[in-house]
Amino acid sequence: MIVSTSHYARIGQTIVLIYAFFAILYTTHHLFLSPLRACLSMMLDLSPTGHPNSSSVSNILNSFKRPNYINSESQASAHFWDLHTTRSNQSSWLAEIQSELILSKAFANSMHPSKIVPFFYRASENIDTEDITVTTLITSNRFPVFARLVEQYRGPISVAIHVNNNSSDYHALLDSIHALYTSTPNMARFVDVHLIMDPFDRQFNTWRNIARLFARTDFVMMLDIDFAICTDFRSAIRANRVVMDKLREGHSAFVIPAFEYVKAEQGSNNLNFPTDKTSLVSAVKDGHLDMFHASWEVGHNSTDYPRYYAAPPGEVYKVTRYQAAYEPYIVFKKEGPPWCDERFVGYGGNKAACLFEMYLSGISYYVLSDHFIVHQNHLYEEKIRKDERKFNKKIYADFKEETCLRYFKNYYDLGILNTPRGHNVQKECAKLRGFPQLAQQILR
Ligand SMILES: *[C@@H]1O[C@H](CO)[C@@H](O)[C@H](O)[C@H]1NC(C)=O
Ligand SMILES: *[C@@H]1O[C@H](CO)[C@@H](O)[C@H](O)[C@H]1NC(C)=O
Ligand SMILES: *[C@@H]1O[C@H](CO)[C@@H](O)[C@H](O)[C@H]1NC(C)=O
Ligand SMILES: *[C@@H]1O[C@H](CO)[C@@H](O)[C@H](O)[C@H]1NC(C)=O
Ligand SMILES: *[C@@H]1O[C@H](CO)[C@@H](O)[C@H](O)[C@H]1NC(C)=O
């Protein structure tokens with residue numbers, strides 16, 4: 001009982017928070033923007049005096065793009081829940097809650113204190129809500145790769161950038177973000193930038209959730225920045241009625257299979273990457289390309305690469321051999337599917353945890369057999385990765401058990417355990433040691 005109540009509460013909170021957020025965005029422009037400005041000026045105040053280029057921070061302030069849509073008074077009236085109002089006598093449930101407080105609750109499982117600045121830069125392009133936003137995170141050493149992604153995708157992108165403010169050169173980082181954003185016209189057209197300012201590195205799942213929360217379309221693709229988009233899956237999905245219907249319904253996610261070059265040096269120049277499946281398959285046959293992270297097979301092999309190679313054009317097939325380490329790159333509905341668990345900090349298990357909870361919630365994975373992405377090789381921070389993996393392995397083991405219990409109990413109480421929605425939780429959780437016995441107790 002406790003288990004299911006807390007689960008409902010969590011879903012409820014998420015919905016309320018998302019709603020509250022957009023209510024704020026739509027209804028208050030000065031009240032929303034002023035905390036952002038306050039935050040930015042606070043950064044200025046905190047800056048070491050005599051910073052050689054502090055004027056460029058004001059440049060960033062000046063170039064901050066005010067979201068157009070929050071200027072519209074007509075849209076404001078459509079919302080009944082004005083969290084920022086002080087007109088408290090209009091209705092007993094009107095409440096004043098600062099956006100900072102809502103953000104801190106929205107990311108309550110993340111490390112604190114942290115400051116989130118949504119829409120630090122806002123894209124100018126008009127966006128169709130049925131479009132697919134690429135959501136991703138970047139660190140300063142990946143800026144050049146990001147610029148390439150923007151040129152390749154030419155569609156909406158929502159990016160979370162972490163600024164570590166426990167370092168004396170964070171103003172330089174802000175400057176380089178500014179330089180990045182102004183480096184090509186397509187940045188300003190397509191890219192929304194959301195900043196996270198705190199001393200905590202590698203809170204990947206928090207950053208993923210931020211990029212998704214502020215995406216302005218109904219559908220998102222969760223992508224890692226190192227991948228080159230090789231085929232136009234965006235147009236293909238939007239033109240496919242069956243796929244679009246499944247996306248809208250919210251119980252399906254679509255996998256874009258991932259590849260990498262066997263010899264790292266071949267993977268450094270994306271201009272040589274294949275752009276159609278025939279060339280991809282022949283590069284695989286020639287031994288140049290292989291599935292992504294072949295040495296960590298479980299990460300991607302549920303995609304079933306042999307089946308992918310053999311699939312006729314246009315085929316979309318279901319992933320039938322899911323396992324808990326699977327971490328493909330997927331397109332899915334922004335609202336509805338579970339969010340990434342923010343307790344995962346650092347390398348190891350973080351993305352797999354997102355995919356695991358989605359799967360348990362009843363989402364089926366389908367592979368788009370004409371499409372693919374290719375990894376652009378780079379050096380990893382091996383020592384850090386090794387330590388954090390050990391740590392996250394333990395968290396993941398507990399997470400699986402806890403998530404299984406929550407969904408199993410919840411779906412049992414809702415009476416959907418023995419429907420297609422409940423299929424995944426039953427099948428996957430039966431693999432956990434001791435779970436069948438636990439399940440018997442729940443069902444009793
Ligand atoms: C300061 O920043 C601006 C804009 O980012 C840049 O054009 C300029 O070269 C920088 N100046 C110094 C001294 O770094
Ligand atoms: C309620 O608020 C309105 C302004 O929105 C004000 O005109 C009115 O006097 C207030 N009523 C009371 C009882 O405070
Ligand atoms: C970094 O940002 C957080 C969140 O705003 C703040 O609490 C903290 O004091 C900042 N740290 C430094 C060193 O500026
Ligand atoms: C902040 O920086 C100081 C000095 O480099 C370091 O000792 C401390 O651990 C850092 N804090 C965090 C949260 O990274
Ligand atoms: C993936 O790899 C694991 C471990 O080698 C294996 O047990 C599993 O059958 C493979 N799955 C697929 C779909 O190839």
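Only heavy atoms go into these numbers, but all of them, side chains included; no hydrogens, no water, no symmetry mates. These numbers were taken from a predicted model, which means no experiment stands behind them. Every number for a ligand or one of its atoms is a count from 1 in the order of the listing.
- Numbered from 1 in the order shown, with element, the atoms of ligand 3 that lie under 4.0 Å from a heavy atom of K115 read 4 (C), 5 (O).
- Scanning all protein heavy atoms for the shortest distance to atom 13 (C) of ligand 4 gives P199 CB, 3.7 Å.
- For the pair I237/V331, a side-chain contact is recorded, criterion being any heavy-atom separation below 4.5 Å from C-beta on.
- Distances from atom 8 (C) of ligand 3 to the heavy atoms of V163, N165, D198 show the closest one on N165.
- Side-chain contact of N205 with R208: a donor-acceptor pair under 3.5 Å is present, judged by distance alone.
- Only one option out of K115, H112, H162 pairs with D198 in a side chain to side chain donor-acceptor pair (under 3.5 Å); it is H162.
- Residue contact check: N166 has heavy atoms under 4.0 Å from atoms 1 (C), 2 (O), 3 (C), 8 (C), 10 (C), 11 (N), 12 (C), 14 (O) of ligand 4.
- Residues Y326 and Y359 keep their aromatic ring centres 6.0 Å or farther apart.
- Atom 4 (C) of ligand 4 lies below 4.0 Å from none of the non-hydrogen atoms of the protein.
- Remark: the N377 side chain and the E260 side chain contain no N/O donor-acceptor pair separated by less than 3.5 Å.
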